[in-house]
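A note on names: the letters A, B, ... follow the listed sequences, proteins ahead of strands, and every chain is numbered from 1.
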There are 2 protein chains.
Amino acid sequence: MADVNIHSLKSLAIFKTLLEAGSASQAARTLGITQSGVSRSLAQLEDNLGIQLFLREKNRLVATPEAYELYEEILRLMGNIEELRHSILALKEFGTSRLRIAAIPGLAFGFVPRLIGTLLEENRGFSISFDMMSSHDVLREVESGHADIGFVTLPVSSRLLRIEEWLTTQARCLVPANHPLASRTEVTVEDLQNEYLVISNQPNVGADPLLHLAASHSISIAGKTESNIGAIAAMVANGVGISVMNPITATDQLVGRTDVVMRPFSPRISFSFGMVYREDWKNVQALDSIRRTGNELLKTYPD
Amino acid sequence: MADVNIHSLKSLAIFKTLLEAGSASQAARTLGITQSGVSRSLAQLEDNLGIQLFLREKNRLVATPEAYELYEEILRLMGNIEELRHSILALKEFGTSRLRIAAIPGLAFGFVPRLIGTLLEENRGFSISFDMMSSHDVLREVESGHADIGFVTLPVSSRLLRIEEWLTTQARCLVPANHPLASRTEVTVEDLQNEYLVISNQPNVGADPLLHLAASHSISIAGKTESNIGAIAAMVANGVGISVMNPITATDQLVGRTDVVMRPFSPRISFSFGMVYREDWKNVQALDSIRRTGNELLKTYPD
DNA sequence: GGATTCGATGACTTTTAATCATGGCTGACG
DNA sequence: CGTCAGCCATGATTAAAAGTCATCGAATCC
């Protein structure tokens, strides 16, 4: 196979500018080098690649079809190099250029995408991949190294992972805006008597504790619907029932909705969530940035 | 934004080899340059990127985590550069580095994939994209420049395209191996009396002419099933009926099957297919290669 | 015909990459 | 403890590559 050496990006860049400029003289002006420098560089590139890129017609350079195809390929490569530059900048900033995040559904539709959006706003070079899964799977994914960090409700336990509590807050009650309870400033467990409830189809997201609480107060509910946590606000809005859930997820789902309101609930049901990561990640610069950004975002959520 | 300059692939290559080799001295031996050359190159790269890639511990270089991440990024870039090299080699060989082919279903499952496979065997650097669609859409796709070449049954007409006939052959009759007609050396239109037929659900693939022929000979068929042309052999094999179709498609579908046999059919129904391309493609080197390869393959099909 | 712009090229300079020579550090071994 | 081997870094230098300078010929325009 005939060899093709690409060792000089500069000559590819000169070629690219030459094609865009239409003449060696104009390319030279654009690049701040001499016209003969451009001419030399082109001749060297044509010799090196073994392809005639320009015809010399009447003392003018006329691009060949091959030149246009090479141009497309060079644009592609320059895109790749730009990605490399971004990764290097992220490497400088974070100590890592790629971040794999796993989160539970309760956080996966609002808080974590906002966190990611803010991180990327600050650092476009960062590459983040994100997946949503159960708490148990988040832990396994981070333990095995398939994800770098994970967001889960607490408590969880893992001998391999560092577990960092980010927020402890109290559950809220979601009710349709036209529901009698909407006029209350606080909903109590007694108010759940004869109400339909919408609860999460996932454990450890407040569902079990709520039913326990109701039972311990001898409260009978009219019925319950289990739903994917991502759709609870929509369920409540459509009169399926009322719900008691963590305010992070609730706030995320209520953005832009006026047909569902959120009220404090008593007695208090504590809700915590946090971040998990492997021990070898504890000193990675990116964590500081993630913590800082995350804390800023949490200030926008109710206590 | 702090600048990061990637102008020297050589220094990235030296870095890559250094990480793989484990020491500057070994990397130097591998690359055929001096140890101090490797040391200089590394220092220059670290300075240029603003990232410390190696710790100097007790006169040994110890890679930092950032070094491993950069290494992954460089491997990615080198893959991209390899793709560029392949494209350049294809550009030299064909005058183009990418080829977009559109074909009708009758050719899309056998002949054209074989053609593509053979072209790529000869030239790995080539990038081919392939799509399957009706004759009419093939013509439109090539006319509009979304595909470079197309394969269709003939006749077709287009004022914009060059139409090149590749093969004219006669239709064949497919019958189940255990069918009485399988023992014949030739099936005639009279044999279709009271038989179930499987015909293509696409026009211009022998279906209309066959029904016409039967009608003109006062032949009554027992029934017909219209099928996607790609599944006709499977239909025949399962006793849905017998079929009369072009031998290219038939041969492609019978590969590896012993439960369906192919017999000459009379009277003859001619079938042609060909390649279409735009006028500005007529002198592209790739066409010669495609014609040559295509003609080789066609020799393996029945006349 | 002269002015302007273009590209190519011989001769040359500047810049970059790498070498040469050397020194210091570390660990293994006798 | 001294010697040896292997490592890395560095001042001084060289070789190679990139680009400039000066110039020429060709084409177009006024």
Does this structure show an ion pair linking B/Arg162 with B/Glu143, if we count only N-O contacts that are shorter than 4.0 Å? no
Original post:
Any salt bridge between A/Glu46 and A/Arg56, counting N to O under 4.0 Å?
Top reply: yes
Notebook entry, point to check: Does the salt bridge (Lys or Arg N to Asp or Glu O under 4.0 Å) test come out yes or no for B/Lys16 and B/Glu20, once each step is laid out?
Noted result: CA-CA 6 Å; B/Lys16 171 185 177 281; B/Glu20 290 169 350; 3.2 Å; yes
Does a nitrogen or oxygen in the side chain of [X] sit under 4.0 Å from OP1 or OP2 of [N]?
X: B/Lys10; N: C/dA18; value: yes
X: A/Ser39; N: C/dA8; value: yes
X: B/Lys58; N: C/dG27; value: yes

Distance in angstrom units between [X] [atom1] and [N] [atom2], rounded:
X: A/Leu42; N: D/dG19; atom1: CG; atom2: C1'; result: 15 Å
X: A/Leu31; N: D/dA18; atom1: CG; atom2: C1'; result: 13 Å
X: B/Leu45; N: C/dA18; atom1: CG; atom2: C1'; result: 16 Å
X: A/Gln44; N: D/dA17; atom1: CD; atom2: C1'; result: 9 Å
X: B/Arg56; N: C/dT26; atom1: CZ; atom2: P; result: 15 Å
X: B/Leu53; N: D/dC8; atom1: CG; atom2: C1'; result: 16 Å
X: A/Ile14; N: C/dG7; atom1: CD1; atom2: P; result: 14 Å
X: A/Leu9; N: C/dT16; atom1: CG; atom2: P; result: 15 Å

Would A/Tyr68 and A/Leu19 count as a side-chain contact (heavy atoms from CB on, under 4.5 Å) here? Give the steps. CA-CA 8 Å; A/Tyr68 288 101; A/Leu19 195 76; 4.0 Å; yes
For DNA chain C, the dot-bracket notation using Watson-Crick and G-U wobble pairs below 3.5 Å, [ ] for pseudoknot-type crossings and | for other-strand pairs, is ||||||||||||||||||||||||||||||
Is any side-chain heavy atom of B/Leu53 closer than 4.5 Å to one of B/Leu61?
no
Taking the side chain as every heavy atom from C-beta outward, state whether A/Tyr277 and A/Leu161 have any atom pair closer than 4.5 Å. no
Considering only heavy side-chain atoms of B/Arg40, the closest of D/dA9, D/dT10, C/dA11 is D/dT10
Of the listed C/dA8, D/dG19, C/dT19, the closest approach to the B/Ile33 side chain comes from C/dT19
- If you look at every strand shown and take non-hydrogen atoms under 4.0 Å, does A/Gln35 touch a base, only sugar-phosphate, or nothing?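 Here A/Gln35 touches the bases of the nucleic acid.
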Quiz item: Mind checking whether A/Trp166 and A/Phe151 have parallel, tilted or perpendicular rings, split at 30° and 60°?
Solution: perpendicular
Under 3.5 Å, N/O pairs linking protein and nucleotides 1-7 of chain D:
residue: D/dC7; atom: O4'; partner: B/Arg60; partner atom: NH1; Å: 3.2

Least distance between heavy atoms, A/Ser157 atom then A/Leu139 atom: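 Looking at all heavy atoms of both residues, the closest pair is O-CD1, 4.0 Å.
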_Atom of B/Leu107, atom of B/Pro113 and distance for their closest heavy-atom approach_ =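 Heavy atoms only, the tightest pair is O-CD, 3.7 Å.
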| query | Would a line drawn from the ring center of B/Tyr71 to the ring center of B/Phe15 be shorter than 6.0 Å? | reply |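 Ring centres of B/Phe15 and B/Tyr71 not closer than 6.0 Å.
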* Between the side-chain atoms of B/Ser36 and the base atoms of C/dC20, is any donor-acceptor pair under 3.5 Å? -> yes
